[in-house]
Amino acid sequence: MSNKMKIVIVGNGMVGHHFVEQICQTMPDAVVTVLSGEPRLAYDRVHLSEYFSGKTAEELALTTPENYESLGVNFFTDAKVTHIDRALKTVTTASDESFQYDKLILATGSYPFVPPIPGSDQEHCLVYRTIEDLEAIQNSANQSKVGVVVGGGLLGLEAANALKEAGLETHVVEFAPQLMGVQLDAGGGAQLKQKIEELGVNVHTSKATEVIAASEATRFELRFKDGSTLGTDMVLFSAGIRPQDALAREFDLELGERGGIVINNYCQTSDADIYAIGECALWNKMIFGLVAPGYQMARVAASHIAGSDLAFTGADMSTKLKLLGVDVGSIGDAHARTPGALTYVFQNQAKQVYKKIVVDAEQKHLLGAVLVGDCNEYDTLLQYALNGIELPELPESLILPVAEGAPGLPAGSLPDTATVCSCHNVAKSDIIEAMDAGACDLGSVKSCTKASTGCGGCAALLKTVVETELENRGVEVKKDICEHFAYSRQELYHIIRVEQIKTFEELLDKHGKGLGCDICKPTAASILASTWNDYILEKPHVGLQDTNDRYLANMQKDGTYSVVPRIAGGEVTPDKLIVLGEVAKEYDLYCKITGGQRIDLFGARLEQLPEIWRKLVDAGFETGHAYGKSLRTVKSCVGSTWCRYGVQDSVGTAIDIEGRYKGLRSPHKIKMAVSGCTRECAEAQSKDVGVIATENGWNLYVCGNGGMKPRHADLFATDLDTETLIKYIDRLLMFYVKTADRLQRTSVWMENLEGGLEYLQQVIIEDSLGICDELEQQMSHIVGTYQCEWKTTIESPEALKRFRQFVNSPDQDENVVFVQERTQIRPATETEKQEYWQANKIQIETIDTDVVETEALGVE
Amino acid sequence: MNWQTLCKSSDLIDNAGVCAKFNEEQVALFSLFEGEQQTLFALGNWDPIGKANVLSRGVLGSIGEEFVVASPLYKQHFSLLTGKCLEDENVSVPVYQVRIQNDLVEIAA
Ligand code: SRM
Ligand SMILES: Cc1cc2nc3c(=O)[nH]c(=O)nc-3n(C[C@H](O)[C@H](O)[C@H](O)COP(=O)(O)OP(=O)(O)OC[C@H]3O[C@@H](n4cnc5c(N)ncnc54)[C@H](O)[C@@H]3O)c2cc1C
Ligand code: SF4
Ligand code: FES
């Protein structure tokens with residue numbers, strides 16, 4: 001007999017499965033056996049409802065037999081455990097198979113509670129817990145017109161959504177006077193009820209169902225205690241869950257008064273060799289009906305068996321959900337039960353938003369919150385509550401609609417427990433730990449914590465956290481842009497300007513090493529362009545450009561390109577529109593109006609770009625630089641020329657501004673807008689540079705951002721005349737070009753500038769550094785040397801040579817295949833391509849179509 | 001070894017790629033300069049991750065000692081010598097032997 005430890009896990013739900021993953025890591029030698037009571041292995045119960053929107057059981061699966069096999073895990077499905085022999089240390093399944101254990105893990109979860117109402121056990125009276133349940137619901141829904149969910153809690157509302165999606169007239173019946181009584185207060189519950197009813201779900205609160213009887217118009221009739229009735233064809237019970245503790249009950253493990261297997265801080269039951277984790281476990285008289293605490297228990301149990309003493313210390317039950325399309329959030333003491341607690345409430349009935357925060361008597365700390373209709377503040381509030389961050393002076397500012405200067409969470413005060421990367425659940429403390437263990441730059445922090453290797457959305461935050469932490473440790477933060485240059489972008493900029501360096505080769509020769517890469521080459525190209533403004537496709541610069549710059553067009557997923565001519569200020573003549581239409585028609589390009597007030601033509605093959613552009617240039621179009629890190633669009637509204645409210649000519653000004661800064665290469669793209677009055681139809685306050693007309697001139701806003709992390713622009717100067725306006729923008733942009741990091745939008749640039757807005761005002765308005773003359777001169781050099789890159793390109797035979805799919809053949813790329821959709825082209829899917837090739841008998845090499853997961857290596 | 005002519009050496013672009021057709025395959029040709037020293041590399045043009053024929057349009061460079069091209073779609077790096085993807089060892093692209101003879105680019109057939 002081997003002396004390897006035998007671990008048997010009863011139940012392969014979400015938590016049981018998480019335990020398997022953990023134990024395979026902590027005890028790779030153990031013999032692990034999984035007994036799943038369901039006909040399949042673990043799946044994602046949290047996203048169960050997506051089964052109705054088309055997710056298959058395979059897609060919901062958390063593991064596969066192959067995966068368990070490769071981990072060396074023994075597993076059995078349909079293996080319901082019916083006996084535990086604690087003396088012999090064996091468990092036996094319903095089919096009479098026995099398994100020996102050294103450690104036994106009960107991860108049996110819970111089952112839906114069906115209230116003992118007469119008639120609740122007939123066909124078409126169902127529950128919502130497993131994939132089999134969902135199959136039954138779908139079957140029943142197919143034969144029903146009306147559905148009722150009994151129970152208005154979180155799961156009940158999710159179930160109601162499923163019925164509604166299935167096209168049923170849907171009702172929710174709740175015994176209590178409000179919905180989601182556990183998570184919400186009365187005000188939040190009422191708001192939620194109103195919203196849900198508006199979405200077409202009927203909500204009946206304070207209704208006690210007494211009997212489910214047969215009926216005529218509908219299959220059943222629910223009769224309530226107050227005498228009223230409700231007809232329905234099916235009933236879904238969602239009246240709470242009960243811990244699945246039958247085994248513990250029968251084989252004498254300690255239970256709680258109202259059920260649940262009692263565990264200690266290490267998740268051990270009253271028998272030290274038997275652990276219980278997940279929804280069947282009762283810790284400190286509490287059952288945790290969420291998956292995160294269950295995962296925590298799984299981790300604790302696995303590490304305890306492996307000999308370490310990680311403890312379970314309770315879990316936060318805050319939740320954020322989208323129910324029937326309504327955002328709902330609940331944090332901490334939502335009901336203000338803490339003695340002395342005070343509440344602040346904000347309600348906007350028109351928009352159906354309800355927000356409440358609960359603070360302690362001293363108004364120093366956040367205890368809880370309720371959010372209905374808008375969960376934007378959830379993350380920030382949760383950080384305040386979990387980490388005891390001191391509240392701002394006016395706590396209400398945390399939930400009031402965003403006004404000027406609303407307090408967010410100051411980056412430096414981010415608590416150690418704050419989640420930085422939600423994809424990989426990496427907290428600030430994990431990052432600090434990794435750095436303590438020797439990771440001393442961004443790259444190594446990334447590879448040891450996995451932070452920022454999922455969707456990439458946290459890259460900027462991660463960088464700030466790592467750099468702040470390095471600075472705290474007195475480490476000089478290396479801002480090297482890559483392994484080839486020990487300089488930041490700003491330093492490279494200075495080197496290039498001071499030493500009058502004109503090519504990348506020279507820069508690399510004097511200051512770098514290796515051959516360069518896809519980071520330093522485009523950066524240098526951008527600096528060279530914003531300093532000397534040479535044609536970017538001149539021979540020494542060609543190889544430096546990102547593909548979009550190199551072909552002066554944006555590459556699409558299939559390797560074709562989009563064509564975006566400049567339409568300054570969004571103003572365009574009928575003749576020019578006709579040209580766009582004609583060109584699009586001739587080359588069969590897909591047409592779309594962009595979010596930047598211009599027209600994008602998609603699906604151009606590399607070799608077609610010059611001909612297309614020749615036609616556009618001949619008709620008076622210029623490049624729109626949609627491919628460059630440079631000025632994109634200056635959005636306008638109609639302004640005083642047409643609009644009855646306009647006070648200045650916003651279109652004219654937008655066109656002038658766009659004409660002035662087009663072609664300016666910068667650390668990242670720049671967007672601007674000009675509005676003709678305070679109604680702000682051009683959305684100038686979301687732009688890098690926003691201009692809003694006043695009776696007396698222009699208000700200038702700076703450093704706004706839309707996109708991934710929107711930032712309201714800051715009011716920089718008021719009532720400027722046009723000349724001063726342009727002067728300030730010249731200075732601001734040039735200062736940005738000189739000092740920003742690579743791929744840093746103005747919003748982030750300003751947030752990282754010491755002194756922020758005020759400092760920027762001093763530099764630009766008061767000329768505190770004495771550099772404004774120089775900034776203006778440099779800008780005027782750029783403005784004076786502008787050329788349309790496409791015009792230059794089509795006039796250069798040397799440059800045109802590069803726009804060929806093959807240097808040795810006139811053939812086209814056979815992988816570019818289009819199909820029609822809504823009477824325009826779109827790229828064919830993989831399957832459509834196969835069909836096309838077969839129909840056209842094109843011989844293709846076998847192309848490896850394995851889906852490869854890749855890091856998000858930065859957009860654009 | 002059987003060498004087949006692909007194109008003229010003047011079709012190449014210094015420190016960048018072009019694409020040539022070799023029988024029915026697409027081959028990305030890269031001409032890399034270290035100082036005056038020119039080296040030619042050839043990889044398949046198909047980007048197995050981005051799933052498009054685009055590798056010839058990527059940026060060239062070095063990572064450590066390795067010469068690489070970065071995919072223009074999602075920026076993974078492929079070794080010019082081995083065709084291996086640096087970010088994912090399970091992925092690679094074919095490599096071909098190429099040379100310049102009398103101002104012509106030739107590939108080993
Ligand atoms: C075409 C367009 C979408 C549309 O059909 O409307 C678009 C398309 C792309 N956007 Fe955008 N964005 C477009 C308007 C916007 C807007 C709206 C606006 O400009 O008013 C925004 C938010 C405003 C802002 O930037 O502050 C926007 C925020 C982004 C971002 C996020 C930037 C950020 O700082 O958060 C990216 C990613 C990036 O730049 O790293 C992005 C990146 C992209 C890229 C370049 C992604 C890529 O690499 O392929 C897309 C290029 C498609 C192409 O080939 O043309 N796009 N993008 C819009 C082109 C406007 C134009 O005429 O030039
Ligand atoms: C529709 C729905 C939506 C949800 N949404 C969320 C959410 O948004 N957020 C959140 O945190 N939580 C959510 N939950 C709760 C979450 O799914 C549970 O907390 C989690 O699944 C609990 O995991 P578990 O492993 O403890 O139990 P379970 O996943 O129930 O697994 C227990 C398993 O043990 C098996 N079993 C029981 N007895 C035996 C036996 N004797 N022998 C063998 N096997 C046995 C059962 O068949 C079951 O497969 C949701 C639940 C549902 C149903
Ligand atoms: S980057 Fe995203 S948001 Fe912008 S156009 Fe592409 S898909 Fe749309
Ligand atoms: S949030 Fe960090 S990678 Fe997605």
Side-chain angles (χ1 to χ4, degrees), chain A residues 482-484 504-505 509 513-522 525 539-540 542-548 550-551 555-560 606 801-802 804-811 813-816 827 830 833 842-845 847-860, chain B residues 5-8 10-22 24-27 29-35 44-54 56-77 85 87-88 90-94 105:
Chain A
C482 66
E483 66 180 65
H484 306 106
F504 179 77
E505 236 171 30
D509 219 31
K513 60 168 197 264
L515 290 184
C517 65
D518 52 310
I519 295 186
C520 58
K521 281 180 168 181
K539 205 166 169 227
V542 177
L544 307 180
Q545 315 291 347
D546 262 333
T547 196
N548 286 355
R550 184 159 145 207
Y551 296 104
M555 182 184 275
Q556 305 299 316
K557 58 202 286 185
D558 59 352
T560 64
L606 182 61
K801 261 180 58 183
R802 298 189 202 111
R804 292 187 286 178
Q805 175 66 30
F806 303 109
V807 288
N808 60 350
S809 157
D811 289 356
D813 180 358
E814 75 280 351
N815 184 52
V816 173
E830 225 37 65
K833 272 184 207 170
I842 294 181
Q843 270 272 297
I844 23 145
E845 325 137 42
I847 285 166
D848 168 23
T849 46
D850 279 358
V851 179
V852 188
E853 261 194 61
T854 58
E855 278 186 32
L857 288 148
V859 231
E860 253 195 318
Chain B
T5 303
L6 267 190
C7 61
K8 299 194 290 279
S10 59
D11 286 323
L12 300 171
I13 308 176
D14 293 359
N15 291 319
V18 296
C19 179
K21 201 149 193 187
F22 168 49
E24 281 311 308
E25 289 160 49
Q26 298 197 15
V27 177
L29 296 171
F30 301 104
S31 151
L32 201 66
F33 280 84
E34 292 166 89
N45 195 34
W46 174 253
D47 174 351
I49 295 171
K51 303 211 182 303
N53 285 311
V54 295
S56 60
R57 300 178 223 162
V59 177
L60 293 180
S62 62
I63 289 187
E65 297 297 302
E66 192 125 37
F67 295 152
V68 294
V69 59
S71 156
L73 279 169
Y74 303 112
K75 316 287 176 194
Q76 291 85 2
H77 299 89
C85 173
E87 282 77 14
D88 185 341
N90 298 319
V91 174
S92 65
V93 298
V105 177

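Chain A is the first sequence line, chain B the second, and so forth, proteins listed ahead of strands; every chain is numbered from 1.
- Minimum heavy-atom separation, A/F806 to B/K21: CD2-N, 3.8 Å.
- Interatomic distance, A/M555 CE to B/S71 OG, rounded to the nearest 0.5 Å: 7.5 Å.
- Comparing B/G58, B/C85, B/G64, B/G50 by heavy-atom pairs within less than 4.5 Å of chain A, the highest count is held by B/G64.
- At a 4.5 Å heavy-atom cutoff, B/D47 makes no contact with chain A through either its backbone or its side chain.
- By number of non-hydrogen pairs under 4.5 angstrom with chain A, the leading residue of B/N15, B/N53, B/V18 is B/N53.
- A pairwise comparison of heavy atoms in A/G559 and B/A52 identifies N-CB, 4.0 Å as the closest pair.
- Interface residue A/L606: only side-chain heavy atoms are found under 4.5 Å from chain B.
- Taking the side chain as every heavy atom from C-beta outward, B/Q26 and A/N815 never approach each other to under 4.5 Å.
- Taking 4.5 Å as the limit, some side-chain heavy atom of A/L515 sits within range of a side-chain heavy atom of B/L32.
- In this structure a side-chain-to-backbone donor-acceptor pair under 3.5 Å is present from A/N808 to B/L6.
- Side-chain atoms of A/R550 and B/V59, non-hydrogen and from C-beta on, never get closer than 4.5 Å to each other.
- Sequence neighbours left out, not one pair with a member in residues 61-74 of chain B passes salt bridge (Lys or Arg N to Asp or Glu O under 4.0 Å).
- Only the backbone of B/F33 comes within less than 4.5 Å of a heavy atom in chain A; its side chain stays farther off.
- When all heavy atoms of B/S62 and A/C517 are compared, the pair lying nearest together is O-CB, 4.2 Å.
- Residue A/V542 touches chain B through its side chain alone, counting heavy-atom pairs closer than 4.5 Å.
- The number of heavy atoms from other shown groups lying within 6.0 Å of NZ (A/K513) does not exceed 12.
- The pair B/K75-A/D518 does not meet the salt-bridge criterion, since no charged nitrogen lies less than 4.0 angstrom from a carboxylate oxygen.
- One distance of note links CG of B/D11 with CZ of A/R802; it measures 12.0 Å at 0.5 Å rounding.
- Judged by distance alone, the side chain of A/Q805 and the main-chain N or O of B/C19 form no donor-acceptor pair under 3.5 Å.
- Using a 4.5 Å cut-off between heavy atoms, B/I13 contacts chain A through its side chain alone, with no backbone atom that close.
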